[in-house]
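Accompanying notes for the structure given below.
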Amino acid sequence: MIILLKGLTPIPYKLVTITSGFAGYNIWLFVLCSVVARGGRFLIVAILLNRYGDHIRKETGEAARLLGRVRRRRC
């Protein structure tokens, strides 16, 4: 159950895998939970991008241009 919850959070998943190995978690149950959790997370992202992709692209494009201006001024 913990692996399912951690797979949906922005915590680096490598920490979950290492901790599960040290704890002696069943490998097949771990693989199953990982596929469900990570697959679910990427499915949610895909649905959100499909629905709101144009708005997100516009917002991230503006942020990228601003970041580019800041970097050029620092150099």
Side-chain angles (χ1 to χ4, degrees):
M1 182 64 140
I2 292 173
I3 294 173
L4 289 173
L5 294 174
K6 296 296 183 186
L8 297 173
T9 63
I11 295 172
Y13 202 65
K14 186 175 258 187
L15 294 175
V16 175
T17 59
I18 292 170
T19 304
S20 297
F22 279 130
Y25 203 76
N26 181 340
I27 185 70
W28 298 113
L29 185 57
F30 173 78
V31 169
L32 177 66
C33 290
S34 295
V35 167
V36 170
R38 301 300 280 181
R41 180 177 180 195
F42 290 116
L43 178 66
I44 290 168
V45 170
I47 290 169
L48 290 174
L49 287 175
N50 187 31
R51 182 168 291 164
Y52 305 108
D54 293 333
H55 177 70
I56 292 171
R57 197 173 299 115
K58 185 179 88 171
E59 293 295 322
T60 56
E62 291 173 11
R65 282 190 296 278
L66 177 64
L67 182 60
R69 284 187 220 138
V70 170
R71 283 188 175 175
R72 274 186 251 139
R73 287 183 184 168
R74 294 177 95 194
C75 293

Just jot down the side chain to side chain contact (heavy atoms under 4.5 Å, CB included) partners of [X], sequence neighbours excluded, or say none.
| X | value |
| --- | --- |
| Asn50 | none |
| Thr19 | none |
| Leu43 | Ile47 |

Selection residues 9-28 - residue pairs positive for salt bridge (charged side-chain N to carboxylate O under 4.0 Å, His left out), sequence neighbours left out: none

Salt bridge (charged side-chain N to carboxylate O under 4.0 Å, His left out) contacts in which one or both residues fall within residues 42-55, not counting sequence neighbours: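 Qualifying pairs: Asp54-Arg57.
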
Decide whether Leu48 and Phe42 are clustered together by the hydrophobic rule: side chain heavy atoms of Ile, Leu, Val, Met, Phe, Trp, Tyr closer than 4.5 Å, transitively. no

Report whether Val16 and Ile18 are members of the same hydrophobic cluster (ILVMFWY, side-chain heavy atoms less than 4.5 Å apart, transitive linking). no

